[in-house]
Amino acid sequence: MATHIREERREGVAVVVVDNPPVNALSREVLEELAAAVERAADDGSITAIVLTGAGRNFIAGADISMFPRLAAGEMPPVPFQDYMNRIEQSPKPVIAAIGGAALGGGLETAMACHYRIAAAGAQLGQPEVKLGLIPGAGGTQRLPRLIGMEKAMEMCAFGEAVAAQAAAELGLVDKVVAGDVVEAAVEFARSAPPVRRTRDLREKLCDAASAESLAEIFRQSARRRMPHQKAPEAAVEAVAAAARGSFEDGLAAEARLFEACLKGEQSRALIHVFFAERATAKIPGLKAAGAPKEIRRAAVAGAGTMGSGIAMCFANAGIDVWLSDASREALERGLAGIRKQYEAAVRKGKMSGEEAERRMERIRAAEGMEGVAEADVVVEAVFEDPEVKRVVFRLIDAAAPQGALLATNTSTLDIDGIAAATKRPESVLGLHFFSPAPVMRLVEVVRGRATSDEAMAAALELAKRLKKIPVAAGNCFGFIGNRMFLPYRTQAVAIAEQGGEPDRIDAALTSWGWAMGPLAVGDLIGHDVWLMIRQEALRRGAGHIPVSAFEDELPRLGRLGQKNGFGWYRYDENRRGHPDGELIRVLREYAAARGFEQREWTVEQIRERTLLALVNEGARILDEGMALRAADIDVVFVHGFGFPGWRGGPMHWAEAAGKAKLLDRLEALYDEEGPFWKPAAWWRS
Ligand code: T1G
């Protein structure tokens, strides 16, 4: 039987190593072997203490997440996580966890079932289960408050943020932090014959039930603000609060009940889908790049506007020297000043040290014209969104860049082939569509032109990884994946407004469903001058099946650009908070009356149905046309680029979970009533 546990003996100390690449995840088998190994060592008369550690970079990254869909569906017997932890904790000999890297979820729970914890300086310790729609299910909600107190335990379990080793030591979660070999340090500590100290027996850091309840109420309110609609954070708070109410066993029972409820819920299925979907996007079947992709040592970014400056920061943040250029000296200065301001703000917020900010700033060099391009391994163009301007810039880049350099355009909607044709090396040209703000948003669409080579694609995927981005391969259709789908979604929202819908009720129907922002408010955020260009490009590129949301084209003519000048669908106050605008409604109703648009009442369900069906059907068309590799890629684009709720799994996962057949019926009804815009794509029947 394959074993994932290695055992070593070091003069009376047993070292038990969890060795389950790539991250030492705990499957049932690994848990069984681990508990048995600790019991064997405890029974061995020659052993005085036990050290438990993980092979490689991580300690233990938690339970094996791939089990959960099967566990939720009852396709495999329950895994008694808590029992395995209790078997470790019951050891009559001291068990010391040697934590070299990530101790997350069940990994931290394993460490807390040990009697002591020694951590390397770079280790991270956390209970991130809520990010998967779960809560700790291996006793973590009962042991953590016993080690670090109720308040900090509630915070760590409700929001899932990890703590570094030093902070963990200050909390009492870790007994010692070492700079050197953490296993060696743990063995030495074990030799000092520390007494068995079971976490379950620690009570001095627990508070009384009444205090626990008032803390719980604070965290419930905070969870509703920070992670709205999500069930796991409040379940985690309940489970931790149970530690103050009864015995340890009672607390375990409460945790098990709450864990089971989360496991069976739709939200954990959706969030686990996203977890694996994020990690699958870079796996492009048949991408046979010859050898390892070209190393990216230096970059050049052409265009120092918001996007160009943000992209330059992405390179600097990843430790890559980057030249930033702009045709206008003044724009370049403004870009650099904006970058410096962002780093200074990060230092003020304690997100990085002043030295680190300086190091990153120094990596960004102001370049005149094509200076720097001649030594760049990758050039990213981020100039004005006009095909002719981009072609001129690409001709210059083509003349200056070294052979083999990756030439990328950050365009959000223009034709990659048209841009590549301006160069003599279209095989090296592709789209790298970053999302704003580029240093924050992890998504980047990697858009393949007709001539783009495998080598260029592989280099782009490797670069995305180095920039800590999530790359999603997209075909060169209008709007690629995200914008192409977002257009009909927004068009439907505008159409509903033209037919009597109230803008704030339309947006509220979608934000109360889970979107970070309503479709009309997003138009105000991006700017109606920009959206007008996108729609005109859509029509030029033959995306004609998307009706132009005509009223919205009026907004720039009416001087209503959105947040940038205070008026769009909403009127904006000095804090950029949007308020319903009676003048806009008047103009809208006049516009509709002049065109004889029937006015009607709209229910929340109707608003959601039309906008979401338009969104998913466009995604289905993208899949039919092969412009996205897989439905899960589309989900990643929307969760990471458009504020779609991750706990619904993304548009395509949501449709699958809601029932494709049921949604297809509604789509066909709309198709019959209103014509080709609603024509169902083949995907619905797959
Ligand atoms: N289970 C299964 N596979 C996992 C995994 C896990 N816990 N963690 C990572 N992987 C896979 C991942 O899919 C990828 O696979 C590879 O490992 C490298 O991952 C009972 C209920 C540890 C910080 O939520 O945060 O414990 O794509 O690309 O950037 O109470 O992985 O190579 O095939 O992310 O170096 C709680 C999740 C589980 C931690 C490393 N634990 N993992 O980051 O590598 S629930 C988590 C991470 C639980 C208990 C509860 C990160 C990492 P492939 P990667 P990385």
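Whatever order the structure lists them in is the order used to number ligands and atoms, beginning at 1. Just so it is clear, the structure is predicted and the values come from calculations on it, not from any experiment.
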Checklist entry - Quick one: salt bridge (charged side-chain N to carboxylate O under 4.0 Å, His left out) pairs with a partner in residues 159-183, sequence neighbours left out? => result Lys131-Glu161, Asp175-Arg197

Checklist entry - With sequence neighbours excluded, what pairs up with Arg298 under the salt bridge (charged side-chain N to carboxylate O under 4.0 Å, His left out) test? => result none

Checklist entry - With Phe68, which of Leu263, Val79, Leu132 fulfils side-chain contact (heavy atoms from CB on, under 4.5 Å)? => result Leu263

Checklist entry - Between Arg220 and Glu213, is there a side-chain N and carboxylate O pair less than 4.0 Å apart? => result yes

Checklist entry - For Phe159, is the NZ or CZ atom of Arg226 found under 6.0 angstrom from the centre of its six-membered ring and inside 45 degrees of the ring axis? => result yes

Checklist outcome for this item: Here the ring-ring contact (aromatic ring centres under 6.0 Å, His included) pairs for residues 103-138, sequence neighbours left out, are Tyr116-Phe189

Checklist entry - Contact residues of ligand 1 with a heavy-atom cut-off of under 4.0 Å? => result Pro22, Val23, Ala25, Arg57, Ala61, Gly62, Ala63, Asp64, Ile65, Phe68, Phe81, Leu104, Gly105, Gly106, Glu109, Pro128, Glu129, Leu132, Pro136, Gly137, Ala138, Phe259, Phe275, Phe276, Arg279, Lys283

